[in-house]
Novice: 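So that we are looking at the same thing, I have put the structure below in structure tokens.
Both ligands and their constituent atoms are indexed starting at 1 by order of listing. We use all heavy atoms of the structure for the numbers below, so side chains are in, but hydrogens, waters and symmetry mates are not.
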Amino acid sequence: MKSTKRESWTSKLGFILAAAGSAVGLGNIWRFPYITGENGGAIFLLIYLVAVILIGYPVLLTEMSLGRKSHKNPVGAFKAIARDNTPWWLVGALGVFTGFTILSYYSVIAGWSMAYIVKAANGFIAEADFAGVFVEHISGVGEPLLWHGVFMAITVGIISAGVVKGIQKAVKVLMPILFLLLVVLVFRSVTLSGAGAGLVYYLAPDFSQITAQTLNDAIAQAFFTLSLGMGAMITYGSYLSDDDNIADSAGYVLGFDVLIAILAGLAIFPAVFALGLSPDAGPGLTFITLPAVFAEMPLGALFGFLFFVLLTIAAVTSSISLLEVVVAYMVDEHQWERKKAAQIIGIVVFVVGIPPLLGYSALSDIQFLGMDILDTYDWFANSIFLPVGGLLTAIFAGYVWRTDDILDEINQGNSVLKIGVWFKIMIKYIIPPAIAVIMFVSIWQTFV
Ligand code: PHE
């Protein structure tokens, strides 16, 4: 059963940083602010925080332990732990499919970020019409395609190099720099004149705004931002050794991830209001608002350049975890060679990412429920696949793998704060019905 060549993280910090690198990405800086803006601001922030702690943390613990216990990719992990020949491995397979889907459009957006590095270097921060610049960029074909390809090539390159040399090395330096730069941005944003309205919008919840969709969007965002519901944390957990501390590691990952999202919101909303923009502008929000903030700063062009470099890096440390899920599956279950797997899957992902990329130009007529193709990919992945994956993972943990055994696994190597009965209650009785009901109502409302 034991595969001989499987790598392990070479240090505790290595794992935490890799998992945090997976968690922190476009989801925090690009997706979180615009979803918050579409869902009424502060009330969404509040529900999102509740979802991250009550649903995200237990599922994060579960996924990491599933990985460490089995030392397998998501399909192999469910197979190894499910008794008999039950079809639980399908949950892992759904995860592999979801990772593939997310990566295809994630790379398109990361490509926008890369293009913005070049734009910043060429002095576009001095321009006034940032919305115009954004629309012009995404409705082009050549440039977005080029950067989508470059981004996938980088992702494939790192994954080909393997877990330790590739992933672990890349994240160590870059995460702290991103954090510092965000702090500078927040400072500039909240000191703009007129920023107060943005702070109120972002921090003073209006409870009348809650709908089933708000709740579902919050759960979806909690899964997306923590890289849950599709096996990324199972896969990263599979490279853990027995004396690693899962409870602590998960806590650090969650804390850092939430902090970055909150800072991103603090950088964006005060500026949105100070500059007279609209918080519900959708996916372009970050790309339109932040350049406007840079324009208001001394050395703005330099900061803008640095910011998009770091955003791209944050995207890379996430995209590698998406690709790793699919690659680990092909390597473990179908004996593909790692490099070959990374390359072939990378090419297919690139191709699958072309329709969402063209959704702002050649394919702009194609709509689903009023959404363009990229939003449609994002909707299926986040509103359906991730919550379903998370729901089934919780049911599996609570009723198939049995919570006592998981608790043994979680608490192995964990000496200080033992995870206990609250975990059982959440994973068995609260999380599954909560996700199921909220998802059902929200989807029903979407279609009816
Ligand atoms: N967590 C990443 C982000 O917030 C996205 C991601 C989702 C990565 C699922 C891996 C798996 O950008």
Novice: Among pairs that include at least one residue of residues 24-44, which meet salt bridge (Lys or Arg N to Asp or Glu O under 4.0 Å), considering only residues two or more places apart or in two chains?
Specialist: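 Found R31-D378.
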
Novice: Under 4.0 Å from any heavy atom of T225, which atoms of ligand 1 are there?
Specialist: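 Going through ligand 1 atom by atom, the ones under 4.0 Å from T225 are 1 (N), 4 (O).
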
Novice: Below 3.5 angstrom, do we get any N/O pair linking L26 and ligand 1?
Specialist: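 N/O-N/O distance under 3.5 Å: yes.
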
Novice: Please work out whether the ring planes of H137 and Y116 are parallel, tilted or perpendicular, with thresholds of 30° and 60°.
Specialist: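 The rings of H137 and Y116 stand perpendicular, inter-plane angle above 60°.
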
Novice: Taking only heavy atoms of S321 into account, list the atoms of ligand 1 that are under 4.0 Å away from them.
Specialist: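 The list of qualifying atoms is 8 (C), 10 (C).
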
Novice: Only heavy atoms of G27, strictly under 4.0 Å: list the atoms of ligand 1 that pass.
Specialist: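 Counting from 1, the qualifying ligand atoms are 3 (C), 4 (O), 12 (O).
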
Novice: Would you check whether F224 has a nitrogen or oxygen atom less than 3.5 angstrom from a nitrogen or oxygen atom of ligand 1?
Specialist: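 Between F224 and ligand 1 (N or O atoms, distance only) the closest approach is under 3.5 Å.
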
Novice: What do you reckon, does L226 have a nitrogen or oxygen under 3.5 Å from a nitrogen or oxygen of ligand 1?
Specialist: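 No, L226 has no N/O under 3.5 Å of an N/O on ligand 1.
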
Novice: Heavy atoms only: which of A381, G21, S227, A23 lies closest to atom 9 (C) of ligand 1?
Specialist: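 Looking at heavy atoms only, the winner is S227.
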
Novice: Taking the inter-plane angle between the rings of F130 and F124 on a 0 to 90° scale, is it parallel (under 30°), tilted (30 to 60°) or perpendicular (over 60°)?
Specialist: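 Plane angle over 60°, so perpendicular.
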
Novice: Ignoring angles and geometry beyond distance, decide whether L228 reaches within less than 3.5 Å of ligand 1 through its nitrogen or oxygen atoms.
Specialist: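 No; every N/O pair is 3.5 Å or more apart.
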
Novice: At a non-hydrogen distance cut-off of under 4.0 Å, which region of R31 contacts ligand 1 (side chain, backbone, both, or neither)?
Specialist: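 Answer for R31: neither.
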
Novice: Which ligand 1 atoms are under 4.0 Å away from a heavy-atom of S22?
Specialist: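 By the 4.0 Å cutoff, the relevant atoms are 1 (N), 2 (C), 8 (C), 10 (C).
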
Novice: Given side chains that start at C-beta, do those of T36 and F269 come closer than 4.5 Å, heavy atoms only?
Specialist: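 Touching, per the 4.5 Å side-chain cut-off.
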
Novice: Answer yes if the side chains of S8 and S241 hold a donor-acceptor pair under 3.5 Å, and no otherwise.
Specialist: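 Looking only at side-chain atoms, S241 and S8 do not form any donor-acceptor pair under 3.5 Å.
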
Novice: Distance only, no hydrogens: is a donor on one side chain within 3.5 Å (strictly under) of an acceptor on the other, for S321 and S227?
Specialist: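 S321 vs S227: no donor-acceptor pair found between side chains.
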
Novice: Are S319 and L103 close enough that some pair of their side-chain heavy atoms sits under 4.5 Å apart?
Specialist: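 Counting from C-beta outward, S319 and L103 do come under 4.5 Å.
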
Novice: Measure the acute angle between the ring planes of F447 and W379, then classify it against the limits of 30° and 60° as parallel, tilted or perpendicular.
Specialist: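 Taking W379 first and then F447, their aromatic rings stand perpendicular (interplane angle over 60°).
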
Novice: Measuring from atom 12 (O) of ligand 1, which candidate in F32, W30, Y106 has the nearest non-hydrogen atom?
Specialist: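 The nearest heavy atom belongs to Y106.
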
